[in-house]
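These notes are about the structure you will find just below.
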Amino acid sequence: MIGKLLKWTIRIACALVGLTAILLVVAFFVVNSASFQKKMLQQATDLLEDKLQTHIQIDSVSIDLLTLDAELYRLSIEDRQQRKMFQMDYLKADVDIWKLLNHKLRISEAKVKGLRAELHHVPHDSIDSIANYQFVIDAFKKDKTDGQRSKDEGQRSKVEGQRKKLTFIMNKFTAEDIHVSYNNYSFSLDKLLYTQKHRNKTNISVEQLSAQWDRTNKKGWQVTNDATIGKVFLRNEMGHWLVDVSDLHFRNDNHHPRKNAGKPKRGFFDLEHLNAYANLKADIDYAKGDSIHGRVTELTACDTIMGIDIRDLYTTFSWNKQRLFFRDFVVRQVNTELRFDKGYLILPSKKLGRKLSYRTSTIKGRVILKDISRTFAPVLKDFTMPLNLSVRFSGNADGMAFSNVKVTTDNKQLTVAAHGNINNLKDKYKLRVHFDVDRMVAEGGIKETIIKQFPVKRFMMKQLHALGTLHYRGSFNVLWKKEEFQGNLGTQAGVLKFYFAIDENNKYLSGNASTEFLEIGHVMDMEDIGPVAATATFKIDISKPRTAVIRKRVGGKLPIGEVKAHVSRASYKFISTKGLDVEIVSDGAVAEGSLQAPGKWMDLSCTFSFTNTNEMHKIKIKPNMKLHLSGKSKGASEADKAEMEARRQQQLEEKDAIKAAKQQYKDEKRRLKAAREQAEAEERAAAKAAKQQRKAEEKQRKAEEKAARKAEKAARKGNQ
C-alpha cells in the first residue's frame with residue numbers, strides 16, 4: 001500500500017513539475033512575444049503619461065528575458081507647453097544576467113543614437129520662468145515627512161550594511177548623433193566610444209564635439225562663441241592616462257569692429273575677436289582625488305586674426321586643487337624660444353577668499369620681436385634682430401612685476417639691465433607700465449642698427465653716430481595715451497639729462513634737456529663751436545594729418561616744431577660767451593632760428609637757417625652787433641677796473657668749471673665701465689651658480705623619479 005502511494009506521489013510530483021515547466025516555458029514565450037511586450041509598453045506609457053501629465057510616445061520595445069538584452073525605438077517626451085523636450089531614436093543595453101549572482105551589474109554593450117534635448121529656463125520669461133524639465137524632477141520626488149525620511153534612511157543603511165555592495169561594470173558604450181540645447185547654449189556630438197577591456201585598461205574616443213553659446217559683455221554687446229574639437233582620444237592603462245586632442249577650433253565675435261580697428265599701431269589683440277586653432281598631447285601618470293601630475297608633451301596654438309603662433313609648448317605639471325605647478329617649461333614661436341625651470345599658479349577662490357597669483361623662476365631665451373608684432377605692436381614687423389632675454393616674472397589679476405631683466409645682443413654691443421611692473425590691468429584708463437633702466441650701454445653701430453629695424457623716418461642719424469657709445473640710466477612710463485621717458489645719457493661728447501613725453505591725444509612730442517658739458521660742435525659737425533652748458537625745451541608735431549597738410553604745402557623732411565634754449569656757457573672760434581637765448585622754429589622745409597647774447601658794452605645777435613640736419617656745416621648765419629656808447633673817458637675808473645677783473649675771474653671760473661665737467665665726464669665713464677665689468681662678473685657668477693643649481697635639481701629630480709618608479713613597482717607587485 002505504501003509502495004503504491006509513493007509511486008502515485010512520485011507520478012503526481014513529476015506531472016506537476018512537468019506542468020510547471022510547461023507553464024514557465026509558455027510564460028517565457030508569452031512575455032517574450034511582441035504582442036505581450038507591446039501591450040505592456042502601452043500600459044507603461046499610460047502610467048508615465050499619468051505620472052508626468054504630458055504626452056509620451058515610444059514606438060517599440062524589444063526585451064529578451066533570457067539574456068536581459070533590451071532595445072528601445074523612438075522615445076519622445078513633450079514638455080508642459082507641448083514642445084518636443086526629449087527625443088531618442090534608439091537605445092540598446094546588453095546585461096550579463098549571470099554576473100548579478102556575484103553582485104555585479106555588467107553591461108557588455110550599451111548604445112544611444114539620435115538623442116535630442118530641448119531644455120529651457122529663462123528666469124525673466126513669462127513662459128519659461130520655470131524650467132521646462134522641472135515637472136519631471138518634481139514627479140519623481142518622494143514627498144515624505146522628515147521623521148519618515150530619517151526612518152527610511154536608517155532602514156536603508158541597515159539593509160545596505162547587511163548586503164554586499166553592487167559593482168557596476170560597463171564594457172562598451174556608444175553614443176551617436178547627440179544634440180542638446182539649453183537656452184542659448186547648444187551642444188552636439190557625432191560619436192563617443194567607451195571601451196573597457198578589463199579594469200585597468202580603458203579607451204575613450206570622441207569625434208566632432210561642438211558647442212555654441214552667447215553671452216553679454218560689460219558693454220551690453222552680445223558675444224557669439226563657437227567651439228569645435230575634431231577628435232579626442234583618452235587611454236587609461238594602470239592609472240596612466242594618455243590624452244590627445246586634435247583640431248580644436250574656438251571662434252568668437254562681438255558683432256562690433258575690433259577694438260583697435262583703425263589704429264594700426266595698436267595691434268590686433270582682442271579677446272572678443274578670436275579665431276584660434278590648437279592641438280594638445282599630454283601624459284598623465286597620476287590622477288587621484290584633488291591631485292594630478294603629468295606632462296604636456298606637445299601643444300600648438302595659433303590665431304589667424306591676432307597673429308599668435310605657438311609652434312610648440314611642453315612642460316611637466318602638477319595640480320593640487322589650489323596650485324598649479326610647472327617644471328621645465330618651454331614655449332616656442334616662429335623664431336622665439338623661452339624657458340624656465342619652475343613656476344606656479346595659485347587658482348582663485350571666492351569661497352576661500354583666495355586671489356589669483358603666479359610666479360616663475362628666471363625666464364631665459366632668445367627673442368625676435370617680429371613674432372609678437374601683429375598681436376601687440378605692428379611697428380615691430382621688421383624687427384628681426386635676435387635679442388637674448390633673462391627675466392623673473394610674477395603677478396596677480398591686477399598687475400605684473402618684472403625683476404632682474406637683462407637684454408643683450410649676440411655681439412654684446414647692446415646690454416640692458418632693468419626692472420619694472422605693470423599695474424591696473426583691469427582698467428585701461430588707469431593702466432601704468434613703469435620700468436627703471438638700471439644700466440644700458442650701446443656701443444658701435446648698434447644704435448643705428450636698432451633704429452633701422454623700425455619703419456620710421458630717420459632724423460639726425462649722423463649726429464647720433466657722433467655721440468659714440470651711449471650710457472643710459474633712467475626710467476619710462478606708459479600711461480593711457482601717454483608715454484614718458486627720462487634719465488641721464490652719457491656720451492663721448494658729454495652728459496645729457498632729459499625728459500620727454502609723447503601725447504597720444506594731441507599728437508605732440510615735448511620735453512626738456514640740460515647739460516653742463518656737451519661738445520655740440522663735434523656732434524653737429526660744426527667744429528668752430530666749442531662745448532656748451534645749456535637747458536632747452538622742445539615741442540614736435542607728430543600728427544600725420546597735420547604734418548601731411550604742411551608738407552604738401554612747403555615740402556621738406558625736417559621735424560615740424562620749435563626749440564627754445566638758454567646757453568649759460570658757449571664758445572665760437574676764439575669768442576667765449578654766456579647767457580645766450582636761442583629759439584628755433586621749423587615748418588618741415590626750413591628751420592629758422594635766432595640767437596641773442598646781451599652784454600654791457602655790446603649785444604651780439606644773429607639769425608640762422610638750415611634745411612638738412614645732416615649738413616649743418618652749410619648753415620646760413622647772419623650776424624648782428626649792437627654797441628652801447630656810454631661816453632666814458634679813456635682812463636678807466638676804479639669801478640671799471642674792478643668790473644674787468646671780476647669778468648676775468650669769471651672767465652677763469654668758467655674754464656675751471658669746463659675742466660671739472662670734463663673730469664666729471666671721464667670719471668663717470670670710468671665708473672660706468674667698472675660697473676659694467678662688475679655686472680658682467682656678477683652675471684658670470686650667477687650663470688655658474690644657476691648651472692650648479694640646475695645640476696643639483698636635475699640630480700634631485702632623477703632621484704625622485706627613481707624613487708617613484710620603485711614605489712610604483714612595489715605597488716604593482718602588491719596588486720599582483
Side-chain angles (χ1 to χ4, degrees), residues 117 119 175 177-192 204-234 241-261 266-284 292 294-315 317 319 324 326 329-334 336 338 345 347-348 356 358 371-376 378 397 425-426:
L119 309 177
D177 192 19
I178 308 298
H179 295 271
V180 179
S181 65
Y182 177 77
N183 294 341
N184 293 326
Y185 295 82
S186 63
F187 163 86
S188 64
L189 170 67
D190 277 8
K191 186 176 181 180
L192 180 147
I204 302 173
S205 66
V206 178
E207 296 179 7
Q208 291 302 316
L209 175 67
S210 64
Q212 296 82 33
W213 68 98
D214 293 334
R215 66 177 179 85
T216 303
N217 64 13
K218 294 180 180 180
K219 296 181 178 180
W221 300 345
Q222 188 180 47
V223 182
T224 302
N225 302 273
D226 186 352
T228 61
I229 300 177
K231 189 172 183 179
V232 178
F233 179 74
L234 306 175
W241 285 90
L242 293 176
V243 182
D244 189 349
V245 180
S246 304
D247 301 326
L248 185 151
H249 180 208
F250 177 76
R251 174 176 56 187
N252 66 359
D253 188 358
N254 63 11
H255 306 288
H256 285 75
R258 184 176 51 82
K259 68 179 182 179
N260 289 329
R266 295 293 181 88
F268 284 74
F269 184 79
D270 188 345
L271 294 178
E272 292 187 352
H273 286 85
L274 296 174
N275 190 32
Y277 297 84
N279 296 283
L280 168 68
K281 291 183 179 180
D283 185 354
I284 301 174
I292 298 175
R295 289 170 294 279
V296 175
T297 56
E298 180 183 335
L299 188 152
T300 61
C302 68
D303 188 288
T304 59
I305 297 177
M306 290 196 296
I308 293 175
D309 190 358
I310 297 176
R311 297 297 177 91
D312 194 12
L313 184 152
Y314 55 90
T315 181
F317 67 90
W319 176 70
L324 185 60
F326 300 97
F329 188 100
V330 177
V331 58
R332 294 191 180 101
Q333 289 185 278
V334 181
T336 296
L338 296 173
L345 171 67
L347 303 175
L356 173 73
Y358 45 87
D371 289 347
I372 62 170
S373 61
R374 180 177 174 84
T375 311
F376 300 108
L425 285 172
K426 297 180 180 179

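Please read these numbers as outputs of a predicted model, since none were measured by experiment.
The shortest heavy-atom contact between Pro348 and Leu356 is CB-N, 3.8 Å. Here the closest heavy-atom approach between residue Met306 and residue Asp270 is recorded as SD-N, 3.3 Å. Minimum heavy-atom separation, Ser246 to Ile229: O-CG2, 3.8 Å. Heavy-atom minimum distance, Gly267 versus Pro378: N-CD, 3.4 Å. The two residues Asp303 and Ile305 come nearest to each other via the heavy atoms OD1-N, 2.9 Å. Across all non-hydrogen atoms, the minimal contact from Ala301 to Leu299 is CB-CD2, 4.1 Å.
Atoms CD1 and CD, from Ile308 and Gln333 in turn, are 8.5 Å apart once rounded to the nearest 0.5 Å. Within the model, atoms CG of Asn254 and OG1 of Thr216 stand 11.5 Å from one another, a figure rounded to the nearest 0.5 Å. To the nearest 0.5 Å, atom CG of residue Leu209 and atom CD1 of residue Ile178 are 11.5 Å apart. For the atom pair NE2 (His249) and OG1 (Thr228), the distance works out to 6.0 Å, reported to the nearest 0.5 Å. Note that OH of Tyr314 and CG of Asp283 are 15.5 Å apart. Values are rounded to the nearest 0.5 Å. Taken from CG in Asp226 to CG in Leu274, the straight-line distance is 12.0 Å, to the nearest 0.5 Å.
For the pair Asn183 (side chain) and Tyr185 (backbone), a donor-acceptor distance under 3.5 Å is absent. At least one donor-acceptor pair under 3.5 Å links the side chain of Thr297 to the backbone N or O of Lys281. Of the possible donor and acceptor atoms, one in the side chain of His273 sits under 3.5 Å from a partner among the backbone N and O of His256. Looking only at distances, a side-chain donor or acceptor of Asp371 sits under 3.5 Å from a matching main-chain atom of Thr336. A donor-acceptor contact shorter than 3.5 Å is absent between the side chain of Thr315 and the backbone of Val296. The closest donor-acceptor contact from the side chain of Asp253 to the backbone of Thr224 lies at 3.5 Å or more, if one exists at all. Side-chain N or O atoms of Asp312 include none that pairs as donor or acceptor with a backbone N or O of Arg332 at under 3.5 Å.
Here the side chains of Asp247 and Asn279 are in contact, with some heavy-atom distance below 4.5 Å. For the pair Asn225 and Phe250, the minimum side-chain heavy-atom distance is below 4.5 Å. Residues Ile284 and Val243 are in side-chain contact: their nearest non-hydrogen atoms beyond the backbone lie under 4.5 Å apart. Inter-residue side-chain proximity for Tyr358 and Leu345 is flagged as met; some heavy-atom pair is nearer than 4.5 Å.
Counting heavy-atom neighbours within 6.0 Å of Arg295 CZ, excluding the residue itself, gives a total above 12. Other residues, nucleotides and ligands contribute at most 12 non-hydrogen atoms within 6.0 Å of the NZ atom of Lys231.
Residues that satisfy the side-chain contact (heavy atoms from CB on, under 4.5 Å) test with Leu425, not counting sequence neighbours, are Met400, Ile422, Leu431. Shown here are the salt bridge (Lys or Arg N to Asp or Glu O under 4.0 Å) partners of Arg266, two or more places apart in sequence or in another chain: there are none. In this structure Phe268 satisfies the ring-ring contact (aromatic ring centres under 6.0 Å, His included) test with no other residue, sequence neighbours excluded.
Evaluated for a salt bridge (Lys or Arg N to Asp or Glu O under 4.0 Å) with Glu272, the options Arg215, Lys219, Lys218, Arg258 yield exactly one hit, Arg215.
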What's the verdict on side-chain hydrogen bond (donor to acceptor under 3.5 Å, both in side chains) for Asp190 and Gln208, showing C-alpha distance, side-chain angles and the deciding distance? CA-CA 5 Å; Asp190 277 8; Gln208 291 302 316; 5.8 Å; no
Criterion side-chain hydrogen bond (donor to acceptor under 3.5 Å, both in side chains) on Thr304 and Asn275, from CA distance to verdict: CA-CA 6 Å; Thr304 59; Asn275 190 32; 2.7 Å; yes
Are Phe233 and Leu242 close enough, and set up right, to give a side chain to side chain contact (heavy atoms under 4.5 Å, CB included), and what steps lead you there? CA-CA 8 Å; Phe233 179 74; Leu242 293 176; 5.7 Å; no
